[in-house]
Amino acid sequence: MSETTSHKGAVAVSAPPSPDDGLSPAELAAKYGLTVSGARPSLLQYVRQLWGRRHFILAFSQAKLTAQYSQAKLGQIWQVATPLLNAAVYYFIFGMLLGARGGMDDDVYIPFLVTGVFVFTFTQSSVMAGVRSISGNLGLVRALHFPRASLPISFSLQQLQQLLFSMIVLVGILAAFGHYPRLSWLLVFPALLLQFVFNSGLAMVMARMGAKTPDLAQLMPFLTRTWMYASGVMFPLNYILDRAEKIPDWFGDLMMANPAAVYMDLMRFALIDGYGNDYLPDHVWALALGWALLAGIGGFIYFWKAEERYGRG
């Protein structure tokens, strides 16, 4: 401590030098264990944080599901009515007018069509919800600190719950056309699990892209509609490809291997008697697993890499 004398004779005491003098902000932060607010955690820490928010993810998905049709008089009935009405339109156009049912009778074609509509809607709705999961919830993202991947995963879980609710009606349709429960119905569970992982990964990819480019939400309906027509929702894909003279074989194989077609094939094989001649090629399950791992793991890492940027700007 030093003393100095002012012009009036008063003695001023100066403070001793601080041990932090001369340290840069980065050095000060390192010295006192400070971290950047909102910094991206390590991948393992992020997984742990996400697991810790599992109850929030489930509760958020249930709340969104309940609120989805809260303003409609029929309420949750629209969860089933909407895809059923779509299936009725597709039956009239593709099944009756265009004759694109591939030689299937109504007792096979109608379950084939309804199953395809329900399964594809699961993926389509997950993608559409994923695009808006960050940009449409900026208030929540900016107000609370939580792993942002909770949002696209929660929206995919919401769509899975909606599909399971619709499956009750699907079982009734299957029984009405003579397709009763059998051991192959157990394959529904691994097929839905793989599709849920795929949908969640794809939703995370679209969430990151949609957070940066909100206008992507306006483009997605056109892309998903094209995907629907290219996946054989309304008609047997191999039936159409066999009659397309100008399509090369490799392109046909690519269309058959697209994830929407793969997951629909698995569900149709599991539920519909006689579909696929009671067998599926081994590579279909390998493709289903491969798509789930590619989208699930790849989408999760892709989303995590931009964690600190969500809700800013």
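No experiment lies behind these values; they were computed from the predicted model shown.
- Evaluation of the side-chain contact (heavy atoms from CB on, under 4.5 Å) rule for Leu84 yields Val80, Val114, Phe118, Val169, Ile173 as partners, not counting sequence neighbours.
- In this structure, CG in Leu194 is found 5.5 Å from OH in Tyr263, a value given to the nearest 0.5 Å.
- Residues Val233 and Phe112 come closest through the heavy atom pair O-CE2, 4.1 Å.
- Distance alone, capped at 3.5 Å, places no donor-acceptor pair between the Tyr310 side chain and the Ala207 backbone.
- Of all heavy-atom pairs between Ala288 and Leu266, the closest is CB-CD1, 3.5 Å.
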Show which side-chain atoms of residues 291-302 pair as donor or acceptor with protein atoms under 3.5 Å away, not counting sequence neighbours.
from	atom 1	to	atom 2	distance (Å)
Trp291	NE1	Ala257	O	2.8

Show me the donor-acceptor pairs, under 3.5 Å and distance only, between side chains in residues 95-110 and residues at least two apart or in other chains.
from	atom 1	to	atom 2	distance (Å)
Arg101	NE	Gly95	O	3.3
Arg101	NH1	Met104	O	3.3
Arg101	NH1	Asp106	OD1	2.7
Arg101	NH2	Gly95	O	3.3
Arg101	NH2	Asp106	OD1	3.2
Asp106	OD1	Tyr91	OH	3.2
Asp106	OD2	Tyr91	OH	3.1
Tyr109	OH	Met234	O	2.7

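- Among pairs with a residue in residues 206-235, none fulfils salt bridge (Lys or Arg N to Asp or Glu O under 4.0 Å), at least two apart in sequence or across chains.
- Nearest heavy atom pair, residue Leu216 against residue Gly210, reads CD2-N, 4.1 Å.
- Across all their heavy atoms, Ile134 and Ala211 have their closest contact at CG2-CB, 3.7 Å.
- Within the 4.5 Å cutoff, the side chain of Phe235 has heavy atoms near those of the Leu237 side chain.
- In terms of heavy atoms, Met264 sits closest to Ser231 at CE-O, 3.1 Å.
- Looking at His179, its side chain does come within 3.5 Å of a backbone N or O of Asp273 through a donor-acceptor pair.
- Counting all heavy atoms, side chain and backbone alike, Met128 lies closest to Ala217 at CE-O, 4.1 Å.
- Under a hydrophobic clustering in which Ile, Leu, Val, Met, Phe, Trp and Tyr are joined whenever their side-chain heavy atoms come within less than 4.5 Å, directly or via other members, Val262 and Val197 fall into different clusters.
- In this structure, the separation between CE on Met255 and CZ on Phe251 is 5.5 Å, given to the nearest 0.5 Å.
- Val171 and Leu183 sit in two unconnected hydrophobic clusters of ILVMFWY residues. Membership requires side-chain heavy atoms under 4.5 Å apart, directly or through other members.
- Applying the side-chain hydrogen bond (donor to acceptor under 3.5 Å, both in side chains) definition to pairs two or more places apart or across chains, those involving residues 183-200 are Thr123-Gln195, Thr123-Asn199, Arg182-Ser184.
- When hydrophobic clusters are built by joining Ile, Leu, Val, Met, Phe, Trp and Tyr residues whose side-chain heavy atoms come closer than 4.5 Å, directly or via intermediates, Leu193 is not grouped with Leu187.
- Summarising the geometry, atom CD belonging to Gln158 is positioned 12.0 Å from atom CG belonging to Leu58; distances are rounded to the nearest 0.5 Å.
- How far OG1 of Thr224 is from CE of Met206: 10.0 Å, rounded to the nearest 0.5 Å.
- Contact of the Phe196 side chain with the Phe122 side chain is registered, since non-hydrogen atoms from C-beta on lie closer than 4.5 Å.
- Proximity of Leu223 to Met220: side-chain heavy atoms (C-beta onward) are separated by under 4.5 Å at one or more points.
- Leu170 and Leu186 fall into different hydrophobic clusters, defined by Ile, Leu, Val, Met, Phe, Trp and Tyr side-chain heavy atoms under 4.5 Å apart, directly or through other members.
- No more than 12 heavy-atom neighbours from other residues, nucleotides or ligands sit within 6.0 angstrom of CE on Met209.
- Using cut-offs of 30° and 60° on the angle between ring planes, the pair Trp227 and Phe120 is perpendicular.
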Validation: residues 148-157 side-chain donor-acceptor distances under 3.5 Å, sequence neighbours left out:
from	atom 1	to	atom 2	distance (Å)
Arg148	NH1	Val141	O	3.4
Arg148	NH1	Leu144	O	2.8
Arg148	NH1	Phe146	O	3.2
Arg148	NH2	Val141	O	2.8
Arg148	NH2	Leu144	O	3.4
Ser150	OG	Pro147	O	2.8
Ser154	OG	Ile57	O	3.0
Ser154	OG	Ser61	N	3.1
Ser156	OG	Pro152	O	3.2

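- Looking only at side-chain heavy atoms (C-beta outward), Met267 and Met167 come within less than 4.5 Å of each other.
- A 6.0 Å sphere centred on CZ of Arg54 holds more than 12 heavy atoms belonging to other residues, nucleotides or ligands.
- In this structure, Trp51 is not a member of the same hydrophobic cluster as Phe56, with clusters built from ILVMFWY side-chain heavy atoms closer than 4.5 Å.
- Rounding to the nearest 0.5 angstrom, the gap separating the CG atom in Asp253 from the CG atom in Asn258 is 12.0 Å.
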